[in-house]
There are 2 protein chains.
Amino acid sequence: MATLSDVARRAGVSPATASRVINGSSKPVTEELRARVLAAVAELQYVPNAHAQLLARSHRSAVGVIVHDVSDPYFAEITRGLQRVATDQGRLLMICNSYRDPDRELEYVELLRGHQVAALILAGSGYHDQAFTRQLNEKLAAYEATGGRVAVIGRHEHSGDAVMPDNRAGGYLAGRELCGLGHRAIGVVAGPRILTTTTDRLAGLRQALTEQGRELPERRIRYAEFDRDGGAEATARLLDADPELTAIVALNDSMAIGALATLRARGLAVPQQISVVGFDDMPIARDVTPALTTVRLPLVDMGVRAMSLVLGAGAPTPRVEVLPAELVRRDTAGPAPRSSRATAGSAPRARRGDAAS
Amino acid sequence: MATLSDVARRAGVSPATASRVINGSSKPVTEELRARVLAAVAELQYVPNAHAQLLARSHRSAVGVIVHDVSDPYFAEITRGLQRVATDQGRLLMICNSYRDPDRELEYVELLRGHQVAALILAGSGYHDQAFTRQLNEKLAAYEATGGRVAVIGRHEHSGDAVMPDNRAGGYLAGRELCGLGHRAIGVVAGPRILTTTTDRLAGLRQALTEQGRELPERRIRYAEFDRDGGAEATARLLDADPELTAIVALNDSMAIGALATLRARGLAVPQQISVVGFDDMPIARDVTPALTTVRLPLVDMGVRAMSLVLGAGAPTPRVEVLPAELVRRDTAGPAPRSSRATAGSAPRARRGDAAS
DNA sequence: TCCCTGCGGGAAAGGGCTTTCTCTGCGGTA
DNA sequence: TACCGCAGAGAAAGCCCTTTCCCGCAGGGA
């Protein structure tokens with residue numbers, strides 16, 4: 001690889017001058033030398049060694065992001081928001097997938113710290129795990145002590161800046177909607193119980209049911225992986241245990257899609273025989289059939305806010321921004337069927353909005 | 001940030017010794033000093049500066065990956081394959097999204113080169129653009145000249161190692177299937193015509209139709225963005241121009257989903273009135289209703305192969321691995337309706353496989 | 001004519017780490 | 001007893017850049 005001094009030598013100038021030309025330094029350089037340097041750069045196909053640059057400049061510019069999995073639409077949307085702000089400010093993003101493995105999350109914090117990122121953003125659910133939480137907080141505190149900025153998205157176990165979707169309110173919305181439709185036997189297809197996202201959403205849902213004089217017993221909840229197959233499998237278990245269910249709340253849209261698959265496989269009509277409500281409103285939600293009724297979270301906006309917090313001026317006290325959840329009524333939730341499973345309920349209501357473009 | 005010499009000072013040893021302990025060097029260090037160093041590391045929460053390390057070691061370990069968009073399921077799957085091999089070999093992946101912008105692709109090649117990656121993988125369609133192709137090849141050649149390894153996935157404009165999905169054969173498969181079902185008026189919802197992926201798939205499709213004595217005139221092709229909304233919009237234009245279409249081939253599954261949305265919005269029954277075939281077999285394909293008939297590409301495997309090529313021994317001549325496409329019959333393609341649009345065709349065939357887990 | 005100013009350029013000092021080379025001191029052999 | 005060899009530790013030379021500091025020179029004002 002050609003180095004800066006190769007370029008300088010070829011151009012017949014000092015490395016200092018070459019550097020100034022290449023970086024567009026404010027210090028003036030004669031047109032003639034500038035041209036010679038640029039010519040040498042082109043001839044040698046010179047590309048500065050990023051590590052040497054980062055080392056020489058004290059300036060830290062990249063931002064580290066840790067998500068569960070970028071290819072999961074939930075995080076893809078958040079990342080889109082993060083990117084938008086970062087790009088505007090000329091920041092490079094280093095994105096790491098923890099695949100919901102706490103240890104890997106810890107490792108990535110170190111890794112990113114080692115890469116001298118200016119800020120760190122952790123997106124995705126927190127864990128109900130004291131030991132882990134303490135470790136993570138120690139690491140983050142150490143990082144902040146050296147001037148690093150930290151923000152978390154959707155997890156409340158860290159004490160710093162945070163952007164929180166209102167998971168609890170979202171759960172509440174889902175519960176209230178189904179109660180309003182007359183459902184009494186409501187099952188839940190939940191993510192891993194160690195995730196705070198799961199428990200928060202569940203808490204809101206439970207609150208809604210309780211307020212209506214209903215309840216949400218543990219036997220109507222099945223925990224599984226937070227993905228399509230987890231949803232399919234949990235739904236199957238739920239139906240096996242309690243065939244009288246008239247509604248299912250899936251704690252994210254991927255699980256909801258799995259739930260729909262299982263229902264279809266079993267010949268249960270949605271929403272005539274059984275209703276389904278999802279969570280997140282990922283883009284695909286409107287394209288499944290029937291289109292998914294779900295709780296929308298402003299995912300892109302969450303990313304935008306988090307990146308703005310972290311790149312903006314620091315605050316003396318941690319800031320927590322709570323972003324509201326919103327119910328999106330589509331076609332998978334309808335009135336509870338009158339009698340038993342054998343009778344189909346009323347027709348689904350007309351679909352609102354969301355027609356193809 | 002604590003530095004290595006801070007650690008050394010605190011442990012009362014030289015930086016050299018500290019470095020040896022931290023990196024597990026083969027050079028022996030007394031147990032006592034080792035313990036002191038490790039204690040100092042823990043107390044100071046020391047994390048080595050990755051840039052300084054990379055600079056000091058001549059050893060290059062990271063691998064650069066350029067894709068159109070990781071959050072697109074097509075690339076998410078490929079990336080999964082890349083990751084698997086990279087992780088096995090202890091390599092870090094740097095993933096960049098070009099968002100199908102050739103200039104950005106060029107920039108990322110430089111950026112990754114600057115970051116001293118050991119290898120570079122470009123995934124995603126190539127472009128019909130002489131000037132760009134030449135520039136890219138120059139940059140890649142320069143990189144290879146300094147010992148960098150390069151592989152491309154799904155693009156044939158580069159002369160080095162390549163993993164190619166058989167796009168043309170896939171297009172052929174889709175065409176043959178529809179011909180076999182008796183379709184004559186087949187429309188195509190295509191991605192941007194500048195992409196080689198588009199033209200390759202189209203070529204295969206055209207060949208199948210030609211062999212059957214049919215044809216594929218340009219007026220039955222609509223080009224749009226390679227995503228859901230592009231598919232929806234192109235389908236609308238196609239139907240407006242030619243309401244007699246009995247089948248639509250979408251050149252990727254995202255577009256197919258958009259197409260289904262448009263058809264549903266217009267009240268056209270799939271596959272009774274109109275058939276749809278997608279391409280890629282992304283995971284969601286089996287979950288839309290009706291489940292999507294599509295051409296499967298071994299995406300994960302493509303990633304695995306590419307990473308193996310690039311991390312394995314070099315070869316004197318470029319290696320090209322062509323991976324086969326395969327038709328996956330589900331529920332969106334059925335026999336062509338007998339007469340006109342008004343009459344529904346025969347019932348869809350029974351759905352094969354793919355039941356919920 | 002002399003001095004000061006300011007501009008354009010180079011020398012050199014880091015930045016944090018790895019690694020080779022060198023040095024010290026010990027145990028063992030002749 | 002003298003010497004050799006080696007284990008274990010440190011000194012120092014890079015790795016490739018950026019940036020401060022300094023220097024020489026030319027032009028302008030007194």
Side-chain angles (χ1 to χ4, degrees), chain A residues 1-38 40-41 44-62 110-118 146-147, chain B residues 1-38 40-41 44-62 110-118 146-147:
Chain A
M1 287 277 300
T3 71
L4 184 64
S5 40
D6 294 337
V7 172
R9 201 171 317 124
R10 181 161 196 128
V13 301
S14 72
T17 301
S19 169
R20 289 198 262 262
V21 170
I22 290 168
N23 297 303
S25 148
S26 61
K27 185 138 185 172
V29 174
T30 340
E31 204 42 56
E32 134 119 57
L33 292 195
R34 170 182 312 280
R36 293 222 304 264
V37 169
L38 292 179
V41 166
L44 296 174
Q45 292 255 34
Y46 170 71
V47 178
N49 182 321
H51 301 299
Q53 282 187 314
L54 263 333
L55 188 57
R57 308 197 228 266
S58 46
H59 196 71
R60 335 216 145 297
S61 137
E110 302 257 285
L111 183 109
L112 291 170
R113 198 147 88 83
H115 279 265
Q116 313 299 111
V117 293
T146 62
Chain B
M1 285 280 297
T3 70
L4 183 65
S5 39
D6 294 336
V7 172
R9 202 171 315 124
R10 179 161 198 131
V13 301
S14 72
T17 302
S19 169
R20 289 197 264 262
V21 171
I22 290 169
N23 297 303
S25 146
S26 61
K27 186 138 188 175
V29 175
T30 339
E31 203 43 55
E32 133 122 59
L33 292 195
R34 172 183 311 280
R36 292 223 304 266
V37 169
L38 292 178
V41 166
L44 295 175
Q45 293 254 35
Y46 170 72
V47 178
N49 182 321
H51 301 299
Q53 282 188 315
L54 263 332
L55 188 58
R57 306 197 227 268
S58 45
H59 197 71
R60 336 218 144 295
S61 137
E110 302 256 286
L111 183 109
L112 291 170
R113 199 147 88 86
H115 276 81
Q116 313 299 112
V117 293
T146 63

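Note that the structure is a prediction, hence the values are computed from the model and not measured.
For the pair B:Q116 CD and D:dC16 C1', the interatomic distance rounds to 9 Å; values are reported in whole Å. Atom CD in B:E31 sits about 11 Å away from atom P in D:dG8, given to the nearest Å. The interatomic distance linking A:R36 (CZ) with C:dG8 (C1') rounds to 13 Å, in whole Å. For B:L44 and C:dG16, the CG to C1' distance is 15 Å, given to the nearest whole Å. As a whole-Å value, the separation of A:L54 CG from C:dG16 C1' is 12 Å. Counting to the nearest Å, the P atom of D:dC16 and the NE2 atom of B:H115 are 16 Å from each other. C:dC17 atom C1' lies 8 Å from atom CG of B:L55, rounded to whole Å. In this entry the distance linking CG of B:D6 with P of C:dG16 reads 9 Å, nearest Å.
A 4.5 Å side-chain heavy-atom check between A:M1 and A:N49 finds every atom pair outside the cut-off. In this structure, the side chains of A:L44 and A:R10 come closer than 4.5 Å at one or more pairs of heavy atoms. Considering only heavy atoms from C-beta on, B:V21 stays 4.5 Å or farther from B:V41 through its side chain. Taking 4.5 Å as the limit, some side-chain heavy atom of A:R57 sits within range of a side-chain heavy atom of A:N23. You'll find the side chain of A:Q45 stays beyond 4.5 Å of the side chain of B:T146, heavy atoms only.
When atom types are taken as modelled, the side chain of A:H51 and the backbone of B:H115 share a donor-acceptor pair closer than 3.5 angstrom. Side-chain N or O atoms of A:S14 include one that pairs as donor or acceptor with a backbone N or O of A:T17 at under 3.5 Å.
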What pairs of nitrogen or oxygen atoms, one from the protein and one from nucleotides 18-21 of chain C, lie under 3.5 Å apart?
unit_1	atom_1	unit_2	atom_2	d
C:dT18	OP1	B:N23	OD1	3.1
C:dT18	OP1	B:N23	ND2	2.8
C:dT18	OP1	B:Q53	NE2	2.9
C:dT18	OP2	B:S19	OG	2.7
C:dT18	OP2	B:N23	ND2	3.2
C:dT20	O4	B:R20	NH1	3.4
C:dC21	N4	B:K27	NZ	3.3

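Nearest-nucleotide assignment on DNA chain D puts the 5′-proximal partner with B:G12, out of B:G12 and B:R60.
Minimum atom distance to the side chain of A:S14 is reached by C:dG10, of the listed C:dG8, C:dG10, D:dA11.
Among the protein residues, A:L33 comes within range of the sugar-phosphate backbone only, with heavy atoms under 4.0 Å from sugar or phosphate atoms but none that close to a base.
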